[in-house]
Amino acid sequence: MQVNGTDIRVITGDLTDMDVEAIVFYAEDNLKLGSGFGNAVTMRGGPSIQEELKELAPLKPLHAVVSAAGNLKAKHIVHVNGPKFQERDLEGKLRTAIFNTLQAAEEKGIKHLAFPPMGAGFY
């Protein structure tokens, strides 16, 4: 599908194995990668990602920051501190978080990025 001249594709796959410029990570304010998807990022990308994030934390709610992606195929990770489950104005906050993610990517010259499902589940 094309939206305003931008190609959008929905695919199923492992973000840590995608051949894109950047992947998006739904982050906590402390930027710790943690368990689940964060653990996969650490295991496949290496410890350099978390080391870089120590210098970038804390991340304000709905803001985004770009880090290197270590050993992943992607060159960058856009970390966004998106809204949490059952927050007020979830849809508006999610829209702001996605906008800020795209803006952070654009500032780094990133044009090809992969998003996880955002606003699904607890995060």
> Quick one: ring pair (Phe, Tyr, Trp, His ring centres under 6.0 Å) partners of F37, sequence neighbours excluded?
Replying inline: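 Result, ring pair (Phe, Tyr, Trp, His ring centres under 6.0 Å) vs F37: F25.
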Would you indicate whether the side-chain heavy atoms of [Y] and [X] approach each other to under 4.5 Å?
X   : Y   : result
I77 : L53 : no
K73 : D17 : yes
I11 : M18 : yes
N81 : H63 : no

Could you tell me which non-hydrogen atom of [X] sits nearest to which non-hydrogen atom of [Y], and how far apart they are?
X    : Y   : value
N30  : A57 : O-CB, 3.4 Å
A68  : E52 : N-OE1, 3.0 Å
K111 : E21 : N-OE2, 3.0 Å
A104 : V66 : O-CG2, 3.7 Å
L59  : H79 : CD2-O, 3.6 Å
S67  : L56 : CB-CD1, 4.4 Å

Rounded to the nearest 0.5 Å, how far apart are [atom1] of [X] and [atom2] of [Y]?
X    : Y    : atom1 : atom2 : value
K32  : K54  : NZ    : NZ    : 8.0 Å
E106 : Q103 : CD    : CD    : 7.5 Å
R95  : I98  : CZ    : CD1   : 9.0 Å
T96  : D89  : OG1   : CG    : 7.5 Å
F115 : L102 : CZ    : CG    : 4.5 Å

Hydrophobic cluster membership, with links at side-chain heavy-atom distances under 4.5 Å among I/L/V/M/F/W/Y: are [X] and [Y] in one?
X    : Y    : value
V80  : I23  : no
M118 : L31  : no
L62  : L94  : no
V41  : I110 : no
L72  : L113 : no

>> Determine whether V78 and K108 satisfy the following criterion, side chain to side chain contact (heavy atoms under 4.5 Å, CB included), listing intermediate values before the conclusion.
In response: CA-CA 10 Å; V78 183; K108 293 286 186 179; over 6 Å; no
Verify, without hydrogens or angle tests, whether [X] (side chain) and [Y] (backbone) share a donor-acceptor contact under 3.5 angstrom.
X   : Y   : answer
Q50 : L33 : yes
Y26 : P83 : yes
K84 : G82 : yes

> Around E55, counting heavy atoms of other residues, nucleotides and ligands shown, do more than 12 lie under 6.0 Å from its CD?
Replying inline: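 Atom CD in E55 is not packed in, count stays at 12 or less.
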>> Within the supplied structure, the quantity of interest is the number of heavy atoms (other residues, nucleotides, ligands) at a distance under 6.0 Å from K75 NZ; does it exceed 12?
In response: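 Count not over threshold, so no.
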> Could you walk me through whether D14 and T16 pass the side-chain hydrogen bond (donor to acceptor under 3.5 Å, both in side chains) check?
Replying inline: CA-CA 5 Å; D14 180 349; T16 64; 2.5 Å; yes
> Tracing side-chain links under 4.5 Å among I, L, V, M, F, W and Y, which residues wind up in one group with F99?
Replying inline: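 Joined to F99, directly or through intermediates: none.
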> Under the criterion side-chain contact (heavy atoms from CB on, under 4.5 Å), which of D7, V20, D19 is the partner of H112?
Replying inline: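 Of all the options given, the one that passes is V20.
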